[in-house]
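Worth saying up front: this structure is predicted, and the values here are computed from it rather than measured. What you see below is based on every heavy atom in this structure, not just the backbone, and it leaves out hydrogens, waters and symmetry mates.
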Amino acid sequence: MGSSVPPAARPLRILWAMPYLPWPVTSGGKSRQFHLLRSMAERGHRITLLVQSKTALDDEARARLAPMVERLIVLPRRSLKHPVTLWHAALAPWPLLTTVNGHAPALSARFNELLSEGGWDVVQIEHSYGFQPFELALARHRQPFVLCEHNVESQLGAATYSKWPVWLRPLARYDQWRARRWERRVLSQASAVAAVTDADARTMERLSGGQPVGVVANGVDTRAFSQVEPAVGSDKVLFVGNYEYAPNVDAIEWALTEVFPRLWRQRPGARFIVCGHAMPEAWRHRFTDARIEWRGYVPHLAEVQAEAAAFLAPLRFGGGSKLKVLEALAAGLPLVSTPEGVSGLGVVDGVHAHLGGTADGLAEALAAVMGQPDRARALGEAGREHVAARFDWSASVAQLESLYERLPAPSLISPWGAGISPLASHEEVA
């Protein structure tokens, strides 16, 4: 699957830490992690993957991930309702998402042991919200590290906090303040920072006090979607998302309360296919129109893409760039989106997609795409060509390796530590 990647001039020994398993690929973040890991492994880099996960490592995830890494170390994350999580969520100086992933003594100890081995060319931490368990060990070992941020987390709160009861709004504002403060703290410690878009990079530079931030763009497995033939001229509109991500929840609810009622007045036969992980069951009872198809998670995305006449991305909040939008463009699906839905993708309105910032604008654009198959097909092909030229994962890997070149040399530590072999364990699971 996907294009092959040439070997690196100098394979690196990388310690890569992330706060979730990158398989199954049920979210944009997981897709990014999986494809970057795969491509970096194909380049010959020697990766130890350290994961704190709320889900156990099952046989399928092990089979997918283990061949890409020298060591796969998975530690459990406590539940959201655990007393430790609730206590720190209320009283700690860190934002909610950081407290959920932080205060993990076993993870901190294992990370410290790995740093003690020495010999790491790169230590890479995904997400500032997952940084807390590693902070002391990194300082103790004077270890340079790369921080990869997929979004500016402090700017994502609107989609979540707007649904909180009025009496909790002061807590929401307090948590956003904590998030901004935490981001400044983490960004200022990193030796190199990667954002997903130029806009996010500029915001992170301001938060960090002017530290340069590089861009490692999201990509797409262009070959995997190159054979998709959308059902241009049909009556089906597609959306795919991870509904643990609040901006996607807001997008669906806005689409069904504002956009589709307007579209149905023009095209009563239009159908909406809603796919993705963690779909709220309450939606089936709230939105009962028979023209809505609740599909949930689909393991073979290309099959459902081939059913649709268009992809709708009605995102009003977010940041970063949207993996599912990239995949829709790679499949040649005519795209109708808000400007937020195509952030960081260099998409030109009327050339690669139709953009609209209002419910009326999106409904008009969908009606036009569905009613003019030839123009829709040309739009989809232009989007496919745009993605193939700029967003293959090989380009993202080149950006990541370029970022590594900014890292200073770590403190002088024995390359492997006393009696530790570089291949002491292929896989460790706690």
For Val123 and Phe134, what are the C-alpha separation, side-chain angles and deciding distance, and is it a side-chain contact (heavy atoms from CB on, under 4.5 Å)? CA-CA 11 Å; Val123 174; Phe134 312 125; over 6 Å; no

Would Met370 and Val237 count as a side-chain contact (heavy atoms from CB on, under 4.5 Å) here? Give the steps. CA-CA 9 Å; Met370 299 171 77; Val237 178; 3.9 Å; yes

- Worked check of side-chain contact (heavy atoms from CB on, under 4.5 Å) between Glu340 and Lys322: CA-CA 9 Å; Glu340 179 59 47; Lys322 316 307 184 292; 3.2 Å; yes

>> Is there a side-chain contact (heavy atoms from CB on, under 4.5 Å) between Phe311 and Glu327? Walk through the geometry before answering.
In response: CA-CA 10 Å; Phe311 190 94; Glu327 290 169 348; over 6 Å; no

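Taking a cutoff of 4.0 Å between a charged side-chain nitrogen and a carboxylate oxygen, Arg286 and Glu253 qualify as a salt bridge. Classification of Glu183 and Arg180 as a salt-bridged pair fails, no side-chain N sitting under 4.0 Å from a carboxylate O. Residues Glu381 and Arg377 are not paired through a salt bridge, judged by the lack of any N-O separation under 4.0 Å between the basic side chain and the carboxylate. With respect to Glu113 and Arg71, no salt bridge is recorded, no charged nitrogen being found less than 4.0 Å from a carboxylate O. The pair Arg267-Asp235 does not meet the salt-bridge criterion, since no charged nitrogen lies less than 4.0 angstrom from a carboxylate oxygen.
Contact annotation: the side chain of Pro19 approaches that of Tyr129 to within less than 4.5 Å [non-hydrogen atoms, C-beta and beyond]. With contacts defined as side-chain heavy-atom distances shorter than 4.5 Å, the pair Ser108/Leu136 does not qualify. Residues Glu135 and Val186 form no side-chain contact, since every pair of their non-hydrogen atoms from C-beta on lies 4.5 Å or further apart. Annotation: side chain of Val342 is not in contact with side chain of Leu329 (no heavy-atom distance under 4.5 Å). Counting heavy atoms from C-beta outward, Asp250 and Arg316 have side chains that approach closer than 4.5 Å. Counting only heavy atoms from C-beta outward, the side chains of Phe34 and Asp221 never approach each other to under 4.5 Å. Considering only heavy atoms from C-beta on, Val325 stays 4.5 Å or farther from Val347 through its side chain. Counting only heavy atoms from C-beta outward, the side chains of Tyr243 and Ile252 approach each other to under 4.5 Å.
To the nearest 0.5 Å, atoms CH2 (Trp254) and CG (Leu315) are separated by 9.5 Å. To the nearest 0.5 Å, atoms CZ (Phe317) and OH (Tyr245) are separated by 11.0 Å. Distance CZ/Arg64 to CH2/Trp23: 3.5 Å, rounded to 0.5 Å. Rounded to the nearest 0.5 Å, atoms CD (Gln399) and CG (Leu403) are 9.5 Å apart. The NZ atom of Lys30 sits 7.0 Å away from atom CG of Leu21, with the distance rounded to the nearest 0.5 Å. Remark: Tyr404 OH to Met40 CE distance equals 3.5 Å, nearest 0.5 Å.
Using a distance-only test at 3.5 Å, with no hydrogens or angles considered, a donor-acceptor pair links the side chain of Thr338 to the main chain of Gly341. Side chain of His386 to backbone of Leu345: a donor-acceptor contact under 3.5 angstrom is found. With hydrogens and angles ignored, the 3.5 Å screen pairs no side-chain donor or acceptor of Ser343 with any backbone N or O of Pro339. In this structure, Asp121 contributes its side chain and Ile14 its backbone to no donor-acceptor pair below 3.5 Å. Of the possible donor and acceptor atoms, none in the side chain of Arg32 sits under 3.5 Å from a partner among the backbone N and O of Leu323. Between the Gln143 side chain and the Ala137 main chain, no donor and acceptor come within less than 3.5 Å of each other. Checking side-chain atoms of Asn248 against main-chain N and O of Glu244 turns up no donor-acceptor pair under 3.5 Å. Not a single donor-acceptor pair under 3.5 Å links the side chain of Asp392 to the backbone N or O of Ala395. With Arg43 contributing its side chain and Ser39 its backbone, the two residues share no donor-acceptor pair below 3.5 Å. Under the 3.5 Å distance criterion, the side-chain polar atoms of His277 are left unmatched by any main-chain donor or acceptor of Asn242.
The minimum heavy-atom distance linking Phe239 with Ala251 is given by the pair CZ-CB, 4.4 Å. Contact detail for Ala255 and Pro261: the closest heavy-atom pair is O-CD, 4.0 Å. Contact detail for Ser234 and Ala308: the closest heavy-atom pair is OG-C, 4.1 Å. The two atoms that bring Pro11 and Gly44 nearest to each other are CB-O, 3.3 Å, heavy atoms only. Heavy atoms only, all atoms of each residue included: Ala309 and Val369 are closest at O-CG1, 4.0 Å. Of all heavy-atom pairs spanning Ala353 and Leu379, the tightest one is N-CD1, 3.5 Å.
Considering Val232, Leu312, Leu238 as possible partners of Leu333, the one that fulfils the side chain to side chain contact (heavy atoms under 4.5 Å, CB included) test is Leu238.
Ring geometry for His150 versus His127: interplanar angle of 30 to 60°, hence tilted. The aromatic rings of Phe287 and Trp294 sit tilted relative to each other, their planes meeting at an angle between 30° and 60°.
Ring centroids of His103 and Trp94 are separated by less than 6.0 Å, placing the two rings close together. Ring centers of Phe145 and Phe131: under 6.0 Å apart, within the cut-off.
Looking only at atom types and distance, the side chain of His141 has a donor-acceptor partner in the side chain of Asn112 under 3.5 Å away. Side chain to side chain, Glu126 and Tyr20 fail the donor-acceptor criterion of an N or O pair below 3.5 Å. Remark: the Gln132 side chain and the Thr98 side chain contain no N/O donor-acceptor pair separated by less than 3.5 Å.
For residues 295-305, the pairs satisfying salt bridge (Lys or Arg N to Asp or Glu O under 4.0 Å) are Glu293-Arg295, Arg295-Glu307, with sequence neighbours left out. Contacts classified as side-chain hydrogen bond (donor to acceptor under 3.5 Å, both in side chains) and involving residues 73-83 (residues at least two apart or in different chains) are given here: Arg78-Thr85.
Counting heavy atoms of neighbouring residues, nucleotides and ligands inside a 6.0 Å radius, atom CH2 of Trp87 does not exceed 12 of them.
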